[in-house]
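Side chains included, hydrogens not; waters and symmetry mates left out as well; all remaining heavy atoms used.
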Amino acid sequence: MTADREAIPGKDRRVTDEVSTATMVAYGCAAVVLFGWFLFGWLVLQQGFVASVGEAAGAGFALLLAVTIIGSYRRSRR
């Protein structure tokens with residue numbers, strides 16, 4: 001068996017949409033806010049490095065979950 005065949009013969013592959021500049025700016029702002037949240041917990045609240053990393057990571061994963069849910073909802077409406 002060779003791997004040089006298309007998975008779905010006769011159908012064009014779906015072209016993905018490009019990521020807009022506004023989306024990239026929003027991702028950058030979210031990264032800055034998460035890093036600020038890490039620094040706030042570590043330096044101001046003095047809760048420890050590992051706890052601050054965990055808290056910032058948890059907030060980041062919650063943001064990713066929200067983005068995924070909103071994205072799948074918007075894609076299903078098309």
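Judged as a side chain to side chain contact (heavy atoms under 4.5 Å, CB included), and not counting sequence neighbours, the contacts of V25 are T21, C29. Looking at residues two or more places apart in sequence or on another chain, you find a side chain to side chain contact (heavy atoms under 4.5 Å, CB included) between S20 and A22, T23.
Note: the hydrophobic cluster containing L34 does not contain V53 (ILVMFWY, side chain heavy atoms under 4.5 Å, direct or indirect links). Hydrophobic clustering (side-chain heavy atoms under 4.5 Å, transitive across Ile, Leu, Val, Met, Phe, Trp, Tyr) keeps V32 apart from F38. Residues L39 and F49 share a single hydrophobic cluster, defined by chaining ILVMFWY side chains whose heavy atoms lie under 4.5 Å apart.
Counting all heavy atoms, side chain and backbone alike, S52 lies closest to G41 at OG-C, 3.2 Å.
Sorted by first and then second residue, the pairs that involve residues 34-46 and meet side chain to side chain donor-acceptor pair (under 3.5 Å), not counting sequence neighbours, are W37-E55. A side chain to side chain donor-acceptor pair (under 3.5 Å) check over residues 56-69, counting only residues at least two apart or in different chains, returns nothing. For residues 58-78, the set of pairs meeting the ring pair (Phe, Tyr, Trp, His ring centres under 6.0 Å) definition, not counting sequence neighbours, is empty. Within the structure, side chain to side chain donor-acceptor pair (under 3.5 Å) contacts touching residues 24-33 (residues at least two apart or in different chains) do not occur.
In the hydrophobic clustering, I69 connects to L65, either directly or through intervening members, whenever side-chain heavy atoms lie under 4.5 Å apart. Here V33 is tied to no hydrophobic group at all, with no ILVMFWY side chain closer than 4.5 Å.
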